[in-house]
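As structure tokens, the structure follows; a few thoughts come after it.
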Amino acid sequence: MIPSALSQRAGAGFKPEHFAAIIAEPQPVGFFEVHAENYMGAGGPPHAQLGKLREDYGLSIHGVGLSIGSMQPLDRDHLARLKTVCDRYQPESFSEHLAWSTHDGVFLNDLLPLPYTQETLFRVGEHIDEVQETLGRQMLLENPATYLLFAESTLEETDFLAEIARRTGCGLLLDVNNVFVAAINHNLDPRDYIARFPLEAVREIHLSGHSETVDDLGAPLLIDSHDTPVKDPVWALYETVLGRIGPVASLIEWDNDVPAWPVLRGEAVAAQRLIDAAARQRAA
């Protein structure tokens, strides 16, 4: 099984509208990330652009459609298409979400949460084993942004993720913004979550922006919207993580209201400064 092996650099999510600006000159990023489902066609401009980027940059492929958390079997056709993409581009990293998005053959355009029970632990582990065996590579599992909790959950999310990593040998993708969003929504301290997270299994980090609103009772409600710069409390939490585990590949996600490339690049440069500082601290 090929392990995830991104360099300890900052990266950015690739958007086709940025292609011309990116290839015009060398960029201060170590890698780009793309959604696998956008590259499951046979050819065309998407593949031409990604092929060009792959010549000079590391690549992380991020899935959004496997429905790892579903109690139903994985879609074998979707998994086969995913294997074709990974075989074609040989990414340094492949990741998916701890969520479900399909039921009875119907695709739901959302990443839905699941209760943390022994039953779901077993099923998610089975699915990850199947993915890793099919792809011949380690996958990373991303912690979710959540807006509700399940009364039937018998495991803490951090314990669930730690046990999944132990059973399957998968790595973890720590989405720091998701941690902050979920903690505020559930009136928890995000630093306590990080203290309990199995950081030794983290192979990649995601950073993104969120939007702020209130629920029907007037309590704060954060939405993982990926449409703003990274907020200051998320940067601070990210520094805490780097202080614990040292430099690690870190991606800026910005999927809605996408800005011009220099703005997105500036976010990646800010992340790189913190990675470099963590590396100096670790060396000292």
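Basis for what follows: all heavy atoms, side chains included, without hydrogens, waters or symmetry-related copies.
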Examine [X] and [Y] and state if one hydrophobic cluster contains both, with Ile, Leu, Val, Met, Phe, Trp and Tyr joined whenever side-chain heavy atoms are less than 4.5 Å apart.
X	Y	result
M1	L135	no
I22	V269	no
M139	I2	no
L149	V179	no

What distance do [X] atom [atom1] and [Y] atom [atom2] have between them, rounded to the nearest 0.5 Å?
X	Y	atom1	atom2	result
R9	S250	CZ	OG	11.5 Å
E37	R81	CD	CZ	9.0 Å
I275	S7	CD1	OG	8.5 Å
L82	R76	CG	CZ	14.0 Å
T168	L141	OG1	CG	8.0 Å
I194	I245	CD1	CD1	8.5 Å

Please report the closest heavy-atom contact between [X] and [Y], naming both atoms and the distance.
X	Y	answer
V258	H18	CG1-CE1, 3.5 Å
T146	A182	OG1-CB, 3.5 Å
G13	L264	O-CD2, 3.6 Å
T158	P198	O-CD, 3.8 Å
G11	A268	O-CB, 4.0 Å
F94	L66	CZ-CD1, 4.0 Å

How are the rings of F32 and F14 set to each other: parallel, tilted or perpendicular (split at 30° and 60°)?
-> perpendicular
Is there side-chain contact between [X] and [Y], with heavy atoms separated by less than 4.5 Å?
X	Y	value
E267	W235	yes
F197	V202	yes
S60	P91	no
L172	N143	no
S95	E142	no
D255	D227	no
C170	I164	yes
L242	I205	yes

May I ask you to decide if [Y]'s main-chain N or O and [X]'s side chain share a donor-acceptor pair within less than 3.5 Å?
X	Y	value
N185	L222	yes
R166	G169	no
N177	H206	no
N256	S225	yes
S208	H226	no
H127	Q72	yes
H47	G41	yes
E163	F160	no

May I have the step-by-step check of side-chain hydrogen bond (donor to acceptor under 3.5 Å, both in side chains) for Y116 and E157, ending in yes or no?
-> CA-CA 7 Å; Y116 299 130; E157 182 173 279; 2.6 Å; yes
Taking only residues two or more places apart in sequence or in another chain, which ones pass salt bridge (Lys or Arg N to Asp or Glu O under 4.0 Å) with D232?
->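 If we apply the salt bridge (Lys or Arg N to Asp or Glu O under 4.0 Å) test to D232, skipping adjacent residues, there are no hits.
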Of all pairs that satisfy salt bridge (charged side-chain N to carboxylate O under 4.0 Å, His left out), the ones with a partner from residues 193-214, not counting sequence neighbours =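 For residues 193-214: E212-K231.
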Before accepting this row, confirm whether a basic side-chain N of the pair E92/R137 lies closer than 4.0 Å to the acidic partner's carboxylate O.
->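 Answer for the salt bridge query: no.
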Taking side-chain contact (heavy atoms from CB on, under 4.5 Å) as the definition, give me every residue that meets it alongside [X], ordered by chain and number, with sequence neighbours left out.
X	result
Q118	L121, L155, R167
A99	H97, L111
E119	M71, T117
E126	F122, R123

Considering only Ile, Leu, Val, Met, Phe, Trp and Tyr, and joining two whenever side-chain heavy atoms are under 4.5 Å apart, list the other residues clustered with [X].
X	value
F31	L6, L251
L148	F150
L173	L140

Can you list the residues that meet the ring-ring contact (aromatic ring centres under 6.0 Å, His included) rule with F19, with sequence neighbours excluded?
->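 If we apply the ring-ring contact (aromatic ring centres under 6.0 Å, His included) test to F19, skipping adjacent residues, there are no hits.
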Can you pull the ring-ring contact (aromatic ring centres under 6.0 Å, His included) pairs that have at least one residue in residues 162-192, sequence neighbours excluded?
-> F180-H210
Could you go through the side chain to side chain contact (heavy atoms under 4.5 Å, CB included) check for Q27 and E25 one step at a time?
-> CA-CA 6 Å; Q27 299 296 327; E25 58 183 341; 3.6 Å; yes
Worked verdict on I68 versus V131 for side chain to side chain contact (heavy atoms under 4.5 Å, CB included) | CA-CA 9 Å; I68 286 287; V131 171; 4.0 Å; yes
In terms of heavy-atom contacts, does [atom1] of [X] have more than 12 from other residues, nucleotides or ligands at under 6.0 Å?
X	atom1	result
E133	CD	no
N187	CG	no
R88	CZ	yes

Checking side chain to side chain contact (heavy atoms under 4.5 Å, CB included) for the pair L188/Y193: CA distance, chi angles, key distance, verdict?
-> CA-CA 8 Å; L188 302 172; Y193 181 97; over 6 Å; no
Sequence neighbours excluded, which residues qualify as side chain to side chain donor-acceptor pair (under 3.5 Å) partners of Y39?
->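 Side chain to side chain donor-acceptor pair (under 3.5 Å) list for Y39, sorted by chain: empty.
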Dump the intermediate steps for side chain to side chain contact (heavy atoms under 4.5 Å, CB included) on Y89 and V34, then the final yes or no.
-> CA-CA 11 Å; Y89 291 105; V34 299; over 6 Å; no
